[in-house]
Novice: 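This is the structure, below, for whatever I ask next.
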Amino acid sequence: MANAIETLKERGLFDNVTSPGIQKQLESPTSVYAGFDPTSSSLQVGNFVTIMGLAHFQRAGHPVIALAGGATGMIGDPSGKSSERNLQSHEEVERNLVGVKENLSRFLDFDSKTAPAKIVNNHDWMGRFSYIEFLRDVGKHFRMGTMLGKESVRARMESEAGMSYCEFSYQLIQAYDFLHLWDKEGCKLQIGGSDQWGNITAGVDLIRRLRGGEAFGMTFPIICDSSGQKFGKTAGNAVYLDHNRTSYYDFYQFFIRTEDADVIRFLKIFTFLPLDQISEIAREMAAAPEKRLAQKTLADDMTRTIHGAAGLAIAQRASEVLFGGSMEGMKADDLVKVFANVPSRELPVDSIRDGGFLDVAVAAGLCKSKGEVRRLVTEGGFYINNIRITDPAGKITGDMLVDGRVLVMRAGKKNYCLVKVV
RNA sequence: GGUGGGAUUCCGGAGUGGUCAAACGGGGCAGACUGUAAAUCUGCUGGCUAUGCCUUCUAAGGUUCGAAUCCUUAUCCCACCA
């Protein structure tokens with residue numbers, strides 16, 4: 001059977017294991033699990049590493065379990081976070097869970113005969129506990145010294161924000177999850193980002209203590225770009241897998257804009273492309289970097305995986321139009337189609353025709369204030385129909401409206417807004 | 001519960017009665033150069049009907065001609081003690 005750990009190592013998806021014994025264990029099918037918090041109604045590209053991890057294990061012939069954190073999501077994992085999280089209501093978590101499950105179901109094969117995937121929700125077993133029972137059954141087996149020594153706890157204790165008892169307890173719940181899956185599913189390995197190390201080892205320890213068995217943990221590196229930013233955010237906004245939250249276009253663009261220094265590494269991490277093919281791409285990139293073959297391959301592959309061929313086509317089409325230069329000759333209908341996934345706003349005719357640029361740009365939601373638009377115009381970063389506007393006091397004229405009903409405004413290089421006249 | 005410290009614009013962090021829309025740094029945005037890359041350089045970074053006006057320095061009151069700065073109370077955070 002394929003060696004999953006070797007594959008992960010080759011692809012830059014390996015950080016650490018709790019014990020080298022894992023290699024022997026993986027010679028036979030081993031149930032593997034990873035947890036996902038329903039912090040929002042959709043997973044983000046930041047969750048991608050873990051998803052890929054599970055997928056690689058499944059491809060190597062191991063049954064995998066995706067744990068949706070219906071219970072843990074209500075507490076908030078302090079790992080890697082500098083401040084206390086806002087608590088989510090039960091309803092919120094339930095709602096988010098639906099989306100998260102939907103996302104996960106796209107990556108994992110639930111019908112595999114040899115290594116089927118499965119989704120479980122830890123609320124199903126955590127919800128039954130009373131506080132007293134949990135303390136007796138689980139809390140009893142944890143030592144304060146160990147708990148306080150965890151990196152996630154220490155970091156927070158040293159920070160200004162401090163930490164609540166609620167978040168501090170998080171590791172107990174995650175440890176119990178592992179124990180539960182060990183008992184019920186024969187799960188022997190938990191995987192997660194390296195920030196999960198403390199939580200994972202808590203589970204491994206608990207299993208050893210209560211069941212006398214050896215469970216394993218494996219972590220992935222936290223993926224950062226070459227400037228040290230955690231992967232998965234643009235301008236502080238997470239990139240979601242759900243196209244209602246991050247459009248096909250934005251999703252595609254996120255990957256197209258990957259820096260040269262990161263793109264080959266990302267191809268290994270986020271796609272299943274064979275390594276020799278990636279090397280080939282790297283060679284071509286070195287020869288002609290301006291063609292941006294690697295970025296395109298990455299963006300195409302990712303978008304196709306998440307949004308299918310149709311989603312990819314929409315994203316590519318929009319990118320061509322927007323970065324292709326002139327919009328000369330475009331029909332309103334074409335624009336509307338191309339921009340189906342780009343922010344758009346419908347505005348009444350009388351507010352547009354002869355409306356000042358400043359007012360319309362704000363009304364369209366492109367900029368927050370008129371001052372911002374004014375600044376943009378004077379800096380030369382404001383465009384209508386891809387033509388630079390230089391007069392902040394200018395007004396929209398009739399001939400700017402394509403077919404009398406559509407207008408494309410652009411702030412800077414990459415923020416577009418389609419204005420539809422109604 | 002006690003004592004002490006703290007809360008400033010996106011973040012960090014100056015500012016301790018007028019010269020404060022608030023230094024500096026980071027981040028972000030824009031422009032130039034490019035390849036929707038990086039690096040570099042330049043500019044911007046509360047709002048407006050804009051050489052002026054308005055709303056800001058946790059919140060509500062108060063002192064004062066004048067408050068981010070002083071007083072009171074509240075809220076939240078941190079540290080130590082119990």
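When reading the values below, keep in mind they use all heavy atoms of this one structure, side chains included, and skip hydrogens, waters and symmetry mates. Small disclaimer: the values here were computed from a predicted structure and weren't measured. A note on names: the letters A, B, ... follow the listed sequences, proteins ahead of strands, and every chain is numbered from 1.
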Novice: Can you tell me the base-pairing partner of U40(B)? Count Watson-Crick or G-U wobble geometry only, both distances below 3.5 Å, and say none if there is no partner.
Specialist: A32(B)

Novice: How far does the C1' atom of C80(B) sit from the matching atom of G13(B), given to the nearest Å?
Specialist: 25 Å

Novice: Under a 3.5 Å limit for both distances, which nucleotide forms a Watson-Crick or G-U wobble pair with G52(B), could you say?
Specialist: C48(B)

Novice: Would you state whether a donor and an acceptor, one from the side chain of Q253(A) and one from the base of U36(B), lie under 3.5 Å apart?
Specialist: yes

Novice: Would you mind pulling out the nucleotide paired to C24(B), Watson-Crick or G-U wobble, both distances under 3.5 Å?
Specialist: G12(B)

Novice: Assess the side chains of T72(A) and D77(A): does a donor N or O sit below 3.5 Å from an acceptor N or O?
Specialist: no

Novice: Ignoring hydrogens, what is the shortest heavy-atom contact between V408(A) and Y416(A)? Give both atom names and the distance.
Specialist: CG1-CD2, 3.9 Å

Novice: Base, sugar-phosphate, or nothing for R375(A), non-hydrogen atoms under 4.0 angstrom?
Specialist: sugar-phosphate

Novice: Take atom C1' in U45(B) and the same atom in C24(B), then report the distance between them in whole Å.
Specialist: 15 Å

Novice: Would you call R208(A) and D205(A) a salt bridge, using N to O less than 4.0 angstrom?
Specialist: yes

Novice: For R410(A) and I256(A), find the nucleotide of RNA chain B closest to each by heavy atoms; which residue's nucleotide sits nearer the 5' end?
Specialist: R410(A)

Novice: Taking U55(B) as the reference, what is the distance to A60(B) when you measure between their P atoms (whole Å, please)?
Specialist: 14 Å

Novice: Starting the side chain at C-beta, find the nucleotide from U34(B), G47(B), A30(B) nearest to K413(A).
Specialist: U34(B)

Novice: Taking the same atom, P, in G12(B) and in C81(B), what whole-Å distance lies between them?
Specialist: 27 Å

Novice: Starting at the 5' end of RNA chain B and moving along, which residue's nearest nucleotide shows up first, E290(A) or E379(A)?
Specialist: E290(A)

Novice: Y383(A) side chain N/O closer than 4.0 Å to the phosphate oxygens (OP1, OP2) of G31(B)?
Specialist: yes

Novice: Using both distances under 3.5 Å as the test, list the Watson-Crick or G-U wobble partner of C80(B), or none.
Specialist: G2(B)

Novice: Students often get this wrong, so: under 4.0 angstrom with heavy atoms, is E372(A) touching a base, only sugar-phosphate, or nothing?
Specialist: nothing

Novice: Using the C1' atom as the point on both nucleotides, what is the distance between G5(B) and A22(B), in whole Å?
Specialist: 24 Å

Novice: Hey, is the side chain of K370(A) poking within less than 4.0 Å of OP1 or OP2 on U49(B), counting only N and O atoms?
Specialist: yes

Novice: When rounded to the nearest Å, what value does the distance between C1' atoms of A23(B) and C70(B) take?
Specialist: 23 Å

Novice: Would you call R95(A) and E92(A) a salt bridge, taking side-chain N to carboxylate O under 4.0 Å as the test?
Specialist: no

Novice: Nearest to the side chain of P289(A), which nucleotide is it out of A38(B), C48(B), G35(B)?
Specialist: G35(B)

Novice: Looking only at non-hydrogen atoms, find the nearest pair between G193(A) and T219(A) and report the distance.
Specialist: O-CG2, 3.6 Å

